[in-house]
Amino acid sequence: MALRFEVLGRFNRARAAQLTLPHFTCQTPLFMPVGTQGTIKGLTTDQLEEIGCQIILGNTYHLELRPGSQLIDDLGGLHKFMNWKRALLTDSGGFQMVSLLHLADITEEGVTFQSPVDGKPMLLTPEESIHIQNNIGADIIMALDDVVKTTITGPRIEEAMYRTLRWIDRCIAAHKKPDVQNLFGIVQGGLDPVLRDICVKGLVERNLPGYAIGGLAGGEDKDSFWRVVAQCTAGLPEDKPRYVMGVGYPLDIVVCSALGADMYDCVYPTRTARFGTALVPEGVLKLKQSVMATDERPIDPTCPCMVCKNYTRAYLHCLVTKDAMGSQLLSYHNLSFMMRLSRDLHMSILEGRFPEFVRGFLRMQFPKGD
Ligand code: GUN
Ligand code: ZN
């Protein structure tokens, strides 16, 4: 195992931990920004360090298409290629293909899809996904899983869960660098507690360095989503990190952390920035609105970030959707907000004031109590 996970403090099920990875020691709860082609759109790696970012995500699928994982390996791995000295995580690629390419088809062998480059049929097997991720060299790599939307019902959910369990053994067998890269398994099983339970037990038996909860944030209602997270965290080992995939609304991070989850990733903070939306303690601030045109305040007067120290809402209103600098500055602020939220969760759990923190957070987001 190439990680150490030390729980430093708890409040009921919530944990504040230190996760030591080959390239960096991270504090949890932890939000991980998503990069696709080896970059977080609009931010330099210096800026990511400046805002306290500890680990970022890369996508096997995107990196394999361009520039290719063999080239990344030849050039010394993704850390060196993108000049990022802290931790990296890569997702296995299947989820991206299924969600991006409607032509993807899943068989026992792997995920088949048409190459967006030349239209040729391609096959991503568990072995190939791990081989590519070994080439990229991230601190954490993800197993190839069979993901189905949580809004689907019937035998397909069960088939995907059992296939995910069969594929984990192929991933483990294919993993060539367990001493420097941590392979996480992914719990599937839709909204069915029996299937989730079988998957949790099956993965825990494999004694992996960490576990992810997948197949969520796909349109199911919040109650079902939170119930699945609560069930999975209860069944996963206390001494291993738990990662809820694709989750990144501030409210979901706070709730999932209360339920015992540790890690999150989502494109939301950067994607919404490109549409002119800033994250603030009250929820969101839409910079495109005409009232912003003359507003001389920063995005958030309580935010210590570079953008809030230097720019007015009026200026950002003027840039947003017209100049790349607009989305860059909003992405900088939004990721700063997520990093601050992660730190606040960590510190409040450590200092025994997690309930007060959660109450304060909810009061800001829902002032009318709804
Ligand atoms: N990203 C968001 N959800 C998932 C999931 O269920 N599996 C994988 N591999 N990636 C995800
Ligand atoms: Zn700010």
Side-chain angles (χ1 to χ4, degrees), residues 32 34 36 43 47 50-52 57-62 89-100 104 106 110-111 124 126 129-130 132-133 140-150 152 157 160-161 163-164 167-168 171 183-191 196 199 203 211-220 225 228-229 232 243-248 252 256 261 263-269 273 277-281 284-285 287 297-313 315-316 328-341:
M32 307 182 282
V34 182
T36 38
L43 270 74
Q47 288 178 315
E50 187 175 289
I51 63 175
L57 238 85
N59 271 319
T60 299
Y61 165 74
H62 291 97
L89 181 152
T90 44
D91 196 358
S92 47
F95 174 80
Q96 284 70 33
M97 291 196 292
V98 174
S99 60
L100 297 176
I106 301 179
V111 185
L124 184 73
S129 172
I130 298 300
I132 296 169
Q133 295 187 80
I140 297 174
I141 65 177
M142 302 304 299
L144 188 68
D145 52 345
D146 184 355
V147 192
V148 271
K149 279 209 171 78
T150 45
I152 290 179
I157 305 278
M161 185 280 287
R163 181 170 287 145
T164 297
W167 282 2
I168 189 68
C171 290
L183 172 64
F184 280 27
I186 306 172
V187 180
Q188 295 293 344
L191 302 179
R196 286 279 175 181
C199 201
L203 290 176
Y211 300 92
I213 304 167
L216 294 173
E220 71 282 359
F225 161 37
V228 171
V229 173
C232 294
Y243 163 26
V244 187
M245 306 191 82
V247 164
D252 288 334
C256 292
M263 303 163 70
Y264 312 93
D265 79 281
C266 194
V267 294
Y268 172 69
T277 299
L279 303 176
V280 291
V284 295
L285 186 74
L287 272 305
R297 289 173 293 174
I299 294 172
D300 171 10
T302 69
C303 176
C305 94
M306 174 274 287
V307 176
C308 292
K309 276 203 300 242
N310 294 310
Y311 302 103
T312 61
R313 294 177 183 183
Y315 177 67
L316 294 165
Q328 287 166 25
L329 294 174
L330 281 190
S331 292
Y332 185 102
H333 163 82
N334 282 357
L335 288 182
S336 300
F337 180 92
M338 299 306 292
M339 295 307 132
R340 198 149 52 101
L341 176 63

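First listed ligand is number 1; within each ligand, the first listed atom is number 1.
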Protein heavy atom at shortest distance from [atom]:
atom                    : answer
atom 4 (C) of ligand 1  : Phe95 CD1, 3.6 Å
atom 7 (N) of ligand 1  : Asp145 OD2, 2.7 Å
atom 10 (N) of ligand 1 : Asp91 OD2, 2.6 Å

Does Phe225 form a side-chain contact (heavy atoms from CB on, under 4.5 Å) with Val247? I'd like the steps, not just the answer. CA-CA 10 Å; Phe225 161 37; Val247 164; 3.5 Å; yes

Are [X] and [Y] side-chain neighbours, meaning at least one heavy-atom pair lies under 4.5 Å?
X      : Y      : value
Ile186 : Trp167 : no
Gln328 : Gln47  : no
Val34  : Asn59  : yes
Cys303 : Arg340 : yes
Ile140 : Tyr243 : no
Asp252 : Val244 : no

Hey, is the main chain of Cys199 close enough, under 3.5 Å, to the side chain of Gln188 for a donor-acceptor pair? no

Within ligand 1, which atoms have a heavy atom of [X] less than 4.0 Å away?
X      : value
Gly246 : 2 (C)
Gln188 : 5 (C), 6 (O), 7 (N)
Ile186 : 9 (N)
Ser92  : 9 (N)

Sort by chain and number the protein N/O/S atoms that are closer than 2.8 Å to the Zn ion (ligand 2), and list them. Cys303 SG, Cys305 SG, Cys308 SG, His333 ND1

Run the contact test for Gly215 against ligand 1 with a 4.0 Å cut-off on heavy atoms, strictly below, and give the result. yes

So is Gln96 close enough to ligand 1, meaning a heavy atom under 4.0 angstrom away? no

Ala212 contact mode with ligand 1 (heavy-atom cut-off under 4.0 Å): neither

Just heavy atoms, cut-off under 4.0 Å: does Asp265 contact ligand 1 by side chain, backbone, both, or neither? neither

Test side chain to side chain contact (heavy atoms under 4.5 Å, CB included), reference Asp300, set Val280, Leu279, Leu285, output is Val280

What closest approach, in Å, do Gly248 and Tyr268 show between heavy atoms, and which atom pair accounts for it? O-CD2, 4.1 Å

Could you list the residues that satisfy ring pair (Phe, Tyr, Trp, His ring centres under 6.0 Å) with Tyr315, not counting sequence neighbours? Tyr311

